[in-house]
Amino acid sequence: MFIFGIAVLFKLFSIQFLQGDKYRDLVEKRDVKNVTIPANRGNVYADDGSLLATSIPKYNIAIDAVVAPVNKFEEFIKPLCDSLSGYSGKSSSYYEKAIRKARINKNQYLLLAKNINYTDYMRFRNFPLLKFGAIPGGLIVNQKTKREFPMGEIAQRSIGYERFDDAGNVTRAGIDGAFGEKYLRGTSGKRLKQKIGKNKWKPLTDYNQVEPKDGYDVYTTIDVNIQDIAHHSLLGQLKYYEAEHGCVVVMDVKTGEIKAISNLAITNNGNYYEKRNYAVWESHEPGSTFKVMALMAALEDKVIDTATVVDTKKGVKRFYGRNIYDSHHGGFGKISAARALEVSSNIGLATLIDDNYSDKPKQFIKRIKSWNLDKPLGVSIKGEGVPDIPEPGDKKWSKNALPSMAYGYNLSLTPLQTLTFYNAIANNGEMVKPRFIKAVKEFDKEIEVFDKEVTIKKICSDKTLNEIREILKNIVVRGTGKKLYSPDFSMAGKTGTAQTEYWMADWKENKRYISSFAGYFPAENPKYSCIVVIHKPSIKKGYYGADVTGPVFKRIAQKIFTDTPVVDEVESLDVKMGLIDNKYDQFYETVKTYKTIMPNVVGMPAMDALALLENMEVKVKVKLSGNGVVKEQSVSKSQKLKNNQTIVLKAS
């Protein structure tokens, strides 16, 4: 026992003095630590400064009931409880009982309020006792931030919501994900806290060891008016056609700025929400919207012209052991190349491309690749889909590959990649990179500005460009998009209908289609380009692009020009206009010359006649019964007027 006692004493001496620093460090590391204080993420704004996403701080307020000295505790406990009662509605005695019990039980963490906003947090900081801070007031504050979207679910995927996995790790999509690490995240701070119980920590001081620095603000290209129009136009059509999912993108023709992007998919309960960014991510067979690229390649290579005649047979033609069909029963017969695109003839485009490129397919592929259609756009948003343009030697290549590609099969593009090409057509051949961001700012200070980026200066000759633009306009006037025609505003574009999942065993019993429409408006001087893609609409209601996606395009174009305010600036209101000045001089001379002679006012608007006669200092009565044009005057023209004479005008 004596030897055992000596060993215990030696061990105590060793722990206290020989290894004391080591164990004191371990205790401090376990019970005291620097806790990370996350910085507020920067805000995301629309192009007009409207708030799209912001970080809202939320606070949990607790009290360390032990730390306050007895005299201070007794002096302020009752006023504190009265203040807490005024905030929550619970009785003052309820709080006093709870806090006194916590003090007796040495409870250093008693929760008083949860998830309160900044205004209420500042109110708590001024409550009696708590106003003295962590020591000796016992105030414990735990702050966290929550990402809020003032526009709700509209464009939330593109703006970038948070998603947490089972381990608590967060991933961010859209703009928030693309620019989060570099700009939005900010720099976290540090605060020293002490462990006071299981998963309970309290600050040791009233200040941070390292202050967090908020992230920069990102200003997007999104126009909230156009975004709202695009979102609800797409949503209404998805619901009507009971479609699986769809997307719409609106782009500014000149700059490449994305003014609206909406991606909606159906849920198990039949509602729609932004599940994935289909416009950027989903690479699929484009169908007939690719026919524009195919015809442009042939025109630019000068192997055909728009008047080249092609025989579409009776709606069925066999290519290398496989039939190709046109949607029009009985076919179109012999038509021009331009008309083949207007009516979206699969046989017409397949024949034109196969006849002119079957012995030199690489020339066709080279032309397609010269437009960068085989490369991702390199947009800032993560997860862009990779296009697939096969060529001779690939596994997907066969004799049927070329005619299939002519009408949009055996290759894949994302909706945004297709839209970028159509935008180049609208932009006089200049291809610009789609852009989601205008600037990054710290308050009003610009950190980085994102300018227009030209990827191809000219995609084709002016001759080809003018021809294809005329055809795209005619598609809406007299082609597959004629249902969309409106005499009030012009549009140009191409319908698209593609079979999807046609390799499935049950396809004949359960046919599935992708409907699309890509184009721009107005047709003469394009301002916006737009693409609409809807996957798997109910074939009982319709599946052709002109029926499913075309109306969305038209609705967006129409509402942009009727609902979006347009502001024009003028340098001066003092504008000299010769025609108006001459009319005024004539009017003045008439009044001066015929001051006492009755003029002829028949045929004049009643308001103008009234002004003229009143300036001649006579009394006038107007009998109005129509559109306000003078039909009769009580005093004939050229008669001399009497003093105080009354003239009666009849307008009808």
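Small disclaimer: the values here were computed from a predicted structure and weren't measured. FYI, side chains are in, hydrogens and waters are out, and symmetry mates aren't considered; it's all heavy atoms of this structure.
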Worksheet item: Taking all non-hydrogen atoms of both residues, which atom of S516 and which atom of V533 are closest, and how far apart?
Response: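 The pair with the smallest heavy-atom distance is CB-CG2, 4.1 Å.
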Worksheet item: Without hydrogens or angle criteria, can the side chains of Y240 and S538 be said to hold a donor-acceptor pair below 3.5 Å?
Response: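 No.
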Worksheet item: Is it the case that Q417 and T420 place a side-chain donor and acceptor less than 3.5 Å from each other?
Response: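 Result is no, nothing qualifies.
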Discussion item. Test of understanding: with ring pair (Phe, Tyr, Trp, His ring centres under 6.0 Å), list the residues that count as partners of F517, not counting sequence neighbours.
Written reply: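 For F517, the residues satisfying ring pair (Phe, Tyr, Trp, His ring centres under 6.0 Å) (neighbours in sequence not counted) are F553.
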Discussion item. Going by the rule ring pair (Phe, Tyr, Trp, His ring centres under 6.0 Å), which residues pair with Y513 if we only count those two or more places apart in sequence or in a different chain?
Written reply: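 By the ring pair (Phe, Tyr, Trp, His ring centres under 6.0 Å) rule, Y513 matches W507, Y543.
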Once side chain to side chain donor-acceptor pair (under 3.5 Å) is applied, do any residues pair with [X], and if so which ones, sequence neighbours excluded?
X	value
D388	K396
Y422	none
S529	N423

Discussion item. Before we go on, tell me: are the rings of F127 and F124 under 6.0 Å apart, centre to centre?
Written reply: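 Between F124 and F127, which both carry aromatic rings, the centre distance is below 6.0 Å.
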Practice prompt. Verify whether the ring centers belonging to F76 and F132 lie closer than 6.0 Å.
Written response: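 Yes, ring centres under 6.0 Å apart.
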Practice prompt. Return the set of residues passing side chain to side chain contact (heavy atoms under 4.5 Å, CB included) with D48 (not counting sequence neighbours), or none when no residue passes.
Written response: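 Residues passing side chain to side chain contact (heavy atoms under 4.5 Å, CB included) with D48: A46, S50, V224.
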Fill in: Set of side chain to side chain contact (heavy atoms under 4.5 Å, CB included) partners for A260, sequence neighbours left out
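Per chain and number, A260 pairs via side chain to side chain contact (heavy atoms under 4.5 Å, CB included) with I226, Q227, A230, V250.
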My understanding is that only residues two or more places apart in sequence, or in another chain, count here; which of them pass salt bridge (charged side-chain N to carboxylate O under 4.0 Å, His left out) with [X]?
X	value
D47	K259
E242	K541
K97	none
K114	none

Discussion item. Listing request: all salt bridge (charged side-chain N to carboxylate O under 4.0 Å, His left out) pairs with a residue in residues 66-77, at least two apart in sequence or in separate chains.
Written reply: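 Qualifying pairs, neighbours excluded: E74-R100.
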Item to complete: Could you tell me whether R512 and E244 make a salt bridge, using a distance below 4.0 angstrom between a side-chain N and a carboxylate O?
Response: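 A salt bridge is absent here (no side-chain N lies under 4.0 Å from a carboxylate O).
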